[in-house]
Amino acid sequence: CIYANCDSNTHQKGACSQATDFSQWWLTSMDWSEGNAFTHNGIQYFSVRSWLQETVPHNYYGVTTEKVNGQDTRVLLLAEGGHVQVQEVGYPTEQLAKDNVDTKFDNLDYQ
């Protein structure tokens, strides 16, 4: 389970209030998809897009280790755009997400 911070609230599995509902997305976009793995600023990211995403910013997912409350912690990065700017950071527990709602890691580019 991944917990993410959005608008100073904690949401389970990264489901933010402003997020688009993709629950039926796969039904209308089965024609093709493309996945790419790449490294940006030393972090391995993965991107998946469908034919519907020709003109919208790409979404990227990466996992890295950051110091959280003094401990090395694996976090999930949700980024987008041509410059791979982090939108959200997912934490392994809800409490860590709540405790770090305003945390910005120095080695990440944020939007």
Side-chain angles (χ1 to χ4, degrees):
C1 188
I2 298 296
Y3 297 89
N5 295 318
C6 309
D7 299 327
S8 299
N9 294 313
T10 301
H11 301 276
Q12 188 173 5
K13 296 182 182 175
C16 301
S17 59
Q18 72 272 21
T20 304
D21 177 12
F22 289 110
S23 61
Q24 299 296 311
W25 167 80
W26 62 274
L27 293 174
T28 60
S29 61
M30 296 176 68
D31 290 344
W32 67 267
S33 63
E34 175 184 57
N36 294 303
F38 63 95
T39 301
H40 178 74
N41 290 344
I43 299 170
Q44 183 75 34
Y45 283 90
F46 189 73
S47 171
V48 178
R49 67 182 182 105
S50 73
W51 66 274
L52 295 173
Q53 290 183 281
E54 284 295 321
T55 59
V56 298
H58 291 235
N59 294 315
Y60 309 106
Y61 306 91
V63 176
T64 189
T65 301
E66 298 290 346
K67 285 281 188 200
V68 179
N69 299 335
Q71 304 231 355
D72 287 341
T73 304
R74 302 275 291 173
V75 294
L76 173 67
L77 306 176
L78 299 120
E80 73 172 30
H83 300 290
V84 190
Q85 294 177 311
V86 174
Q87 298 283 320
E88 297 178 35
V89 176
Y91 294 87
T93 68
E94 183 176 7
Q95 191 60 52
L96 280 177
K98 286 180 180 178
D99 291 348
N100 293 282
V101 68
D102 294 320
T103 298
K104 299 284 187 196
F105 300 105
D106 293 338
N107 62 318
L108 302 178
D109 298 323
Y110 292 89
Q111 187 172 30

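Computed from a predicted model, the values in this text were never measured in an experiment.
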Which residues pass the side-chain contact (heavy atoms from CB on, under 4.5 Å) test with N41, not counting sequence neighbours?
D109
Partners passing salt bridge (charged side-chain N to carboxylate O under 4.0 Å, His left out) against D106 (at least two apart in sequence or in another chain):
none
Rounded to the nearest 0.5 Å, what separates atom CG in D99 from atom OG1 in T93?
7.5 Å
Is any side-chain heavy atom of V89 closer than 4.5 Å to a side-chain heavy atom of L77?
yes
Nearest non-hydrogen partners of H40 and H83, listed with the distance:
NE2-O, 3.7 Å
What closest approach, in Å, do A79 and V84 show between heavy atoms, and which atom pair accounts for it?
CB-CG1, 4.0 Å
For Y61 against L78, the heavy-atom pair lying closest together
CE2-CD2, 3.4 Å
Got L108 and E66 here, is their nearest side-chain heavy-atom distance under 4.5 Å?
yes
Shortest non-hydrogen contact between N59 and S47, atoms and distance
O-OG, 3.3 Å
Residue set satisfying ring-ring contact (aromatic ring centres under 6.0 Å, His included) with F38, at least two apart, ordered chain then number -> Y45, Y60
Which heavy atom of K67 sits nearest to which heavy atom of F105, and what is that distance?
O-CE2, 3.5 Å
Of all heavy-atom pairs between Q44 and A37, which one has the smallest distance, and what is that distance?
NE2-CB, 3.3 Å
